[in-house]
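To start, the structure under review is shown below, and the notes come after it.
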Amino acid sequence: MKFLASQKLSDNSVMRSIIIGMLLSLILAMVLSLSAKGIDYGVSPNEWINTVLGNEAEFIDPMSFNDLLLGIHTDLFALILTFILIASVTARRGRSRVLMMGFLTLSLLSLLAYPIGMLFSSIIGSSGVILSLGGFIVFHLLMIIGGLDSLIGLLRKKF
Amino acid sequence: MNFKILQFIALAFSTLVILQASLGTLLFTRLVGLTPHDVNLYYGDKSLHGLLEVILPHTLFIAIALMAVLHFLAFIQTIDPRTKAKAVYLLFPLFFLDQFSPLLISMGLEFFAIIKLGAFIGFQVMLIWVWIMIFKQTQKTLG
């Protein structure tokens, strides 16, 4: 957000500490979100496909559309807010413009792939679930990397 | 090159937020319905605990999300301050009416079903309008 990006953070020790705390919490939240999804949906593409689309051979019912919508809606709320917060700090990190554009573009594309893959999984089948799983993992990894990069930068008073 | 990427990033982010609002609308339509009768039927049966389970996360997250969205609007200098004020003074009351009408419906005040629907639709329309305004002005500024 603008107020996070409008001042040199290394000059303001209070603001710096607040943002270090926020980044630590967000990185932890991303790790917990990955773990929670691993417990709920599984850790392999097959487990995700079975959970979302069901599996007749193993007597697993598909997830209801309402549950799917509710899950995506709740996840997206948290993930969009995490993206806004981490991206607004990482943008001040002073990395090259190309790297920053790549980070933002890839983060947004992976975040879009997660709900779109899930929503269309009933039409395109397992490819949708795999797209969704890929998007979910890539987004989380990018947020963790971006968060850690900013955290290290702040600790070393780089920006 | 950079301008095109920035445009793409702005478009992707707007798509994400509009997708999120559309998911909420779809969920509301499927779970509750779009007539005052449906709204009364759905919220009339809900316990206070069930209502709070929905109201609490929405109040928390939408407060933060509105702050993020409206702060973008506040920093765009080409938008008339009166238009900005209109967006702020309409979005928050619509949000409160949308979230708290179910409590009144569950207490037997069925009239609030109409207010709930009006506030819900009004909030979504206003939010889309704010995003379109932010997007258009950003394009102009970058251009």
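So you know, we letter chains A, B, ... as the sequences are listed, proteins then strands, and number each from 1.
- With rounding to the nearest 0.5 Å, the separation of CZ in B:F8 from CG in A:L108 is 8.0 Å.
- Under the 4.5 Å side-chain heavy-atom criterion for grouping Ile, Leu, Val, Met, Phe, Trp and Tyr, B:L117 is not connected to B:V54 through any hydrophobic cluster.
- A distance of 8.0 Å separates CD1 of B:I9 from CE of A:M100, quoted to the nearest 0.5 Å.
- Of residues 54-63 of chain A, no residue lies under 4.5 Å from chain B by any heavy-atom pair.
- The 12-atom threshold is not exceeded at CD of B:E110, counting heavy atoms of other residues, nucleotides or ligands nearer than 6.0 Å.
- Among residues two or more places apart in sequence or in another chain, the side chain to side chain contact (heavy atoms under 4.5 Å, CB included) test is passed with A:I27 by A:I144, A:L148, A:L151.
- A:F159 and A:I18 fall into different hydrophobic clusters, where Ile, Leu, Val, Met, Phe, Trp and Tyr are joined by side-chain heavy atoms under 4.5 Å apart, directly or via other members.
- Classification of the B:F61-A:F77 ring pair by plane angle, with boundaries at 30° and 60°, yields parallel.
- B:V17 is connected to B:V125 through a chain of hydrophobic side-chain contacts under 4.5 Å among Ile, Leu, Val, Met, Phe, Trp and Tyr, so both are in one cluster.
- The list of side-chain hydrogen bond (donor to acceptor under 3.5 Å, both in side chains) pairs with a residue in residues 19-40 of chain A, not counting sequence neighbours, reads A:S33-A:H140, A:K37-A:D75, A:K37-A:Y114.
- Contacts between A:L112 and chain B at a heavy-atom distance below 4.5 Å involve backbone atoms as well as side-chain atoms.
- Under the 4.5 Å side-chain heavy-atom criterion for grouping Ile, Leu, Val, Met, Phe, Trp and Tyr, B:F72 is not connected to B:I18 through any hydrophobic cluster.
- Rounding to the nearest 0.5 angstrom, the gap separating the CG atom in B:L16 from the CG atom in A:L111 is 4.5 Å.
- Residue A:F65 qualifies as enclosed at atom CZ: its count of foreign heavy atoms under 6.0 Å is above 12.
- The hydrophobic cluster containing A:L99 does not contain A:M101, counting ILVMFWY residues as joined when their side-chain heavy atoms lie under 4.5 angstrom apart, directly or transitively.
- No more than 12 heavy atoms of other residues, nucleotides or ligands sit less than 6.0 Å from atom CZ of A:F120.
- Residues of residues 19-35 of chain B lying within less than 4.5 angstrom of chain A, judged on heavy atoms, are B:L19, B:Q20, B:L23, B:G24, B:L26, B:L27, B:R30, B:L31 in numerical order.
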